[in-house]
A.B. asks: 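My questions all concern the structure below.
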Amino acid sequence: MQRNSSTSLGMTEQMYRTHHCNELRKTDIGREVKLAGWVAVRRDHGGVIFIDLRDREGLTQVVFRPEENAEVAKQSHSLRTEDVIQVCGKVAPRLPGTENPKLATGDIEVLPQSLTILNRAENLPFQLDAELSNEDLELTYRYFDLRRPRLSRNLQTRHRVTQATRQFLDSQGFIEIETPILSKSTPEGARDFLVPSRLLPTKFYALPQAPQQYKQLLMVAGMEKYFQVAKAFRDEDMRADRQPEFTQIDIEASFVTPNDIYAVTEGMLAAIFKAARGIEIPTPFPQLTYREAIDTFGSDKPDRRFDMKLVDLEDVFRDSQFKVFQSALVEGGVVKAINAKNFAGITIGQVDELTAIAKTFGAKGLAFIKVENGEWKSPIVKFFSEAEKESLRTKLQIEEGDCIFFAAGKWEIACEVLGRIRLRIAEIQGLTSANRQSGSDSGSDLDFLWVTDFPLMQWSAEENKWNAVHHPFTRPKAEDLELLEQKKFGEMRADAYDVVLNGVEIGGGSMRIHEPDLQAKMFEALGVSAEDQQAKFGHLLRAFRLGAPPHGGIALGLDRLVMLICDEESIRDVMAFPKNNRGQELMTQSPAEVDPKQLRELGITLAKQKL
RNA sequence: GGAGCCUUAGCUCAAUUGGUUAGAGCGCUGCCCUGUCACGGCAGAGGUUGCGGGUUCGAGCCCCGUAGGCUCCGCCA
């Protein structure tokens with residue numbers, strides 16, 4: 001390393017820096033300081049040269065002037081973006097009129113007596129001061145991309161979130177316990193990542209989809225209150241908001257009811273938002289049942305930041321001449337509609353798009369009425385009687401400029417179709433984006449709620465069996481237990497709940513089954529044979545016979561939570577080293593082929609590659 | 001497993017109905033510039049338009065195939 005030429009800094013001489021780049025203020029004027037960091041921008045005027053020096057905390061302007069120090073100024077002309085440098089010099093006030101109010105350090109600048117180039121940067125793969133659309137390039141140079149202040153700040157926010165989580169849960173008596181990453185494959189749920197065992201050839205570990213069984217066994221162990229910032233792994237196809245490995249805040253407690261879990265979760269989220277955004281969020285959160293959520297918003301994770309609720313029109317069309325609606329009702333279905341305010345100006349392209357969405361989710365088409373110049377413009381309105389029209393006007397509060405969308409059919413499908421249409425219209429109209437004002441972060445853009453009473457099981461036509469909606473350890477609601485005996489599985493509700501923020505599911509959990517007999521009945525209902533129960537879940541059933549306490553818990557998706565806190569669109573922007581759409585980590589090029597010797601040791605032979 | 005969209009300079013993008021030598025900004029190289037903060041000015045380098053085939057007098061543009069990317073459906077207890 002090049003020796004520092006300055007000798008006048010006394011006790012600070014051996015340090016790389018005395019301050020970070022977002023620290024110096026007017027009150028520091030006259031101080032001798034050392035700063036180290038990256039050259040964010042250089043503005044070379046031929047004579048004077050300005051450098052914005054960046055570290056993870058912020059920017060400080062460094063000014064090289066020939067009349068101050070000709071040698072150092074000459075050296076400074078060689079600086080290029082992203083060189084790593086150290087400067088030693090004096091804090092000076094900026095010339096009157098040249099202060100920069102956009103920078104926290106904008107009142108001052110540093111006049112160096114020395115410049116040490118700690119490392120040069122070659123030509124950059126891309127520019128950090130411009131947005132990039134080529135995500136593969138960013139991920140390949142992730143260590144470089146992370147120098148962007150936005151991403152750096154996101155990772156710092158993530159740290160604050162996990163710290164607040166640990167501090168809060170510790171204060172509530174929860175104990176952080178690590179559970180194995182090398183664990184066992186389970187039949188239900190997502191596809192597992194497998195890890196071959198060398199010591200036990202032919203056998204495989206599975207990476208956990210969640211620490212679910214371990215945390216329940218910790219309750220049997222009498223730990224009473226457990227939590228973990230846990231990695232989880234699911235080998236499913238990717239989406240924009242999905243990663244094969246992700247992080248959960250995993251919580252489980254004994255002798256609790258759903259209300260206890262709600263209170264802990266609300267307290268924890270309050271602590272997190274206080275720590276990460278400095279705001280108080282109102283608790284307790286409102287609650288909706290699953291049935292109400294679907295009925296009113298067409299989603300089990302409703303975004304309530306805007307209205308446009310689903311309105312039931314059974315009363316209107318029960319005896320209608322319009323057969324499409326009338327027959328849907330006769331067949332036990334529903335007719336529902338939403339009123340999109342100020343959307344009568346919808347374009348043909350938008351109609352086509354919304355119709356395509358409706359068809360994707362099972363509708364045959366999408367009927368609508370535009371209200372323009374006092375006229376109802378619609379292909380279907382001619383089938384409506386005057387009484388029906390008047391009833392619609394009242395129920396949907398129809399006014400000039402509105403656009404009404406209808407769905408008819410089975411309850412789940414009609415609701416989901418309108419729910420999706422509702423979200424897309426809100427997106428088009430910008431109903432969800434405007435909110436966070438600069439400078440005044442009140443948290444008024446945040447809408448938390450609980451969705452409760454989820455169905456316990458769902459019929460899978462493809463597999464010809466019942467599947468657990470949450471997971472097979474979920475406790476049925478006590479009042480629905482007799483439905484289990486009657487095998488009315490579809491009508492059973494679970495003591496299960498999701499916590500939703502701004503239309504995003506950020507967590508979910510349930511009360512668990514702690515009785516071995518009930519658990520066996522559940523497995524039976526889910527089509528797990530007696531042999532499989534013993535082979536796959538014998539440990540759990542045995543554990544439940546040794547005094548298992550009533551227990552329940554919740555898991556929150558840390559990545560999504562931090563994404564929302566940071567106002568980001570993608571969880572990749574709050575992860576240090578995310579994987580791309582094909583599950584590749586492009587920086588290290590994983591996954592990769594392995595040495596044949598490693599395969600031999602594992603007793604693995606590769607099948608011929610598909611051509 | 002399925003559908004839609006995309007691929008032009010290092011990066012972000014443009015290129016009339018198919019028509020001469022494929023342009024711009026940023027970055028890069030060289031020169032100039034003493035108060036900028038996205039500094040400015042002058043000059044320059046940089047392209048097999050993802051790849052393969054077809055139609056045409058002529059293809060970045062049209063057609064077929066293929067690779068890669070993005071988004072969505074299925075899937076994600």
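Just so we're on the same page: letters track the sequence lines, and every chain starts at 1.
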A.B. asks: To the side chain of T98(A), which of C70(B), U36(B), C39(B) is closest?
C.D. replies: U36(B)
A.B. asks: Give one of base, sugar-phosphate or nothing for E67(A), where a contact means two heavy atoms less than 4.0 Å apart.
C.D. replies: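 Here E67(A) touches the bases of the nucleic acid.
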A.B. asks: Please, which pairs that meet salt bridge (Lys or Arg N to Asp or Glu O under 4.0 Å) have at least one residue in residues 71-85 of chain A, sequence neighbours excluded?
C.D. replies: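 Output for this query lists R54(A)-E82(A), E82(A)-R147(A), D83(A)-R120(A).
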A.B. asks: When the distance from CG of L354(A) to P of C72(B) is rounded to whole Å, what number comes out?
C.D. replies: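 That distance rounds to 17 Å.
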A.B. asks: Taking only side-chain N and O atoms of R43(A), does any of them lie within less than 4.0 angstrom of OP1 or OP2 on U36(B)?
C.D. replies: no
A.B. asks: Within the modelled atom types, does a donor on one side and an acceptor on the other bring the side chain of Q127(A) and the base of G10(B) under 3.5 Å apart?
C.D. replies: yes
A.B. asks: Give the nucleotide from the list U29(B), G69(B), C37(B) with an atom nearest to the side chain of Q584(A).
C.D. replies: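 In terms of side-chain proximity for Q584(A), the closest of U29(B), G69(B), C37(B) is G69(B).
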A.B. asks: What I want to check is whether an N or O donor and acceptor connect the side chain of R239(A) with the base of G74(B) at under 3.5 Å.
C.D. replies: yes
A.B. asks: Ignoring hydrogens and geometry beyond distance, is the side chain of R242(A) in donor-acceptor contact with the base of C75(B) at under 3.5 Å?
C.D. replies: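 Indeed, a donor on one side and an acceptor on the other fall under 3.5 Å apart.
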A.B. asks: With a 4.0 Å limit, can you tell me whether N581(A) has a side-chain N or O closer than that to the phosphate oxygens OP1/OP2 of U71(B)?
C.D. replies: yes
A.B. asks: Using a 4.0 Å heavy-atom cut-off, does R424(A) contact any base of the nucleic acid, only the sugar-phosphate backbone, or nothing at all?
C.D. replies: nothing
A.B. asks: Under 4.0 Å between a side-chain N or O of K102(A) and OP1 or OP2 of A38(B)?
C.D. replies: yes
A.B. asks: The side chain of D237(A) lies closest to which of these nucleotides: G69(B), C70(B), G74(B)?
C.D. replies: G74(B)
A.B. asks: Taking the P atom in each of C63(B) and G4(B), what is the distance between them to the nearest angstrom?
C.D. replies: 14 Å
A.B. asks: So, is S133(A) close to the U12(B) phosphate, meaning a side-chain N or O under 4.0 Å from OP1 or OP2?
C.D. replies: yes
A.B. asks: Can you figure out which of A38(B), U34(B), C70(B) approaches the side chain of H45(A) most closely?
C.D. replies: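 Output: U34(B).
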A.B. asks: Does the pair D480(A)/K477(A) count as a salt bridge with the N-to-O cut at 4.0 Å?
C.D. replies: no
A.B. asks: Between atom CD in E131(A) and atom P in C26(B), what is the gap in whole Å?
C.D. replies: 18 Å
A.B. asks: Counting side-chain heavy atoms from C-beta on, which of C76(B), C70(B), U12(B) comes nearest to L132(A)?
C.D. replies: U12(B)
A.B. asks: Once you apply the 3.5 Å cut-off to both distances, tell me the Watson-Crick or G-U wobble partner of G74(B), or none.
C.D. replies: none
A.B. asks: In whole angstrom, what separates R572(A)'s CZ from U71(B)'s C1'?
C.D. replies: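 Checked: the CZ to C1' distance equals 11 Å.
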A.B. asks: Hunt down the Watson-Crick or G-U wobble partner of C26(B), both distances under 3.5 Å, from any strand shown, or write none.
C.D. replies: G10(B)
A.B. asks: If I pick the C1' atom on G27(B) and the same atom on G46(B), what distance separates them, to the nearest angstrom?
C.D. replies: 11 Å
A.B. asks: Is the CZ atom of R148(A) crowded by more than 12 outside heavy atoms at less than 6.0 Å?
C.D. replies: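 It does: R148(A) CZ has more than 12 such atoms within range.
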A.B. asks: Rounded to whole angstroms, how far apart are CG on L124(A) and C1' on G10(B)?
C.D. replies: 10 Å
A.B. asks: Phosphate oxygens OP1/OP2 of G69(B): is one of them under 4.0 Å from a side-chain N or O of R582(A)?
C.D. replies: yes
A.B. asks: For the side chain of F50(A), starting at C-beta, report the closest nucleotide among U71(B), C11(B), U36(B).
C.D. replies: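 That would be U36(B).
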A.B. asks: In the strands shown, is G58(B) matched to any nucleotide by a Watson-Crick or G-U wobble pair with both distances under 3.5 Å, and which?
C.D. replies: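 Its partner: none found.
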A.B. asks: Could you identify the nucleotide paired to G47(B), looking across every strand shown and requiring Watson-Crick or G-U wobble geometry with both distances under 3.5 Å?
C.D. replies: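 Across all strands, not a single nucleotide pairs with G47(B).
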A.B. asks: Quiz question: going by heavy-atom distance under 3.5 Å, is there a donor-acceptor pair between the base of U36(B) and the side chain of Q61(A)?
C.D. replies: yes
A.B. asks: May I ask which nucleotide in the shown strands pairs with U21(B), Watson-Crick or G-U wobble, both distances under 3.5 Å?
C.D. replies: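 Base partner found: none.
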A.B. asks: Under 4.0 Å between a side-chain N or O of R420(A) and OP1 or OP2 of C73(B)?
C.D. replies: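 Yes, because at least one side-chain N or O of R420(A) sits under 4.0 Å from OP1 or OP2 of C73(B).
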A.B. asks: Is there a side chain to side chain donor-acceptor pair (under 3.5 Å) between Q209(A) and D192(A)? Walk through the geometry before answering.
C.D. replies: CA-CA 7 Å; Q209(A) 298 171 29; D192(A) 289 314; 2.5 Å; yes
A.B. asks: Where the side chain of N580(A) is concerned, which of C70(B), U34(B), U71(B) is the nearest nucleotide?
C.D. replies: C70(B)
A.B. asks: I need the CD-C1' distance between E138(A) and C70(B), as an integer number of Å.
C.D. replies: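 Result: 13 Å.
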A.B. asks: Counting only Watson-Crick pairs (N1-N3 plus N6-O4 or O6-N4) and G-U wobbles (N1-O2, O6-N3), all under 3.5 Å, who is the partner of U34(B)?
C.D. replies: none
A.B. asks: Identify which nucleotide among G69(B), C28(B), U36(B) has an atom closest to any side-chain atom of N123(A), counting heavy atoms from C-beta outward.
C.D. replies: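 So the nucleotide nearest the side chain must be C28(B).
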A.B. asks: For C39(B), what is the paired nucleotide under Watson-Crick or G-U wobble rules, both distances under 3.5 Å?
C.D. replies: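 Base partner found: none.
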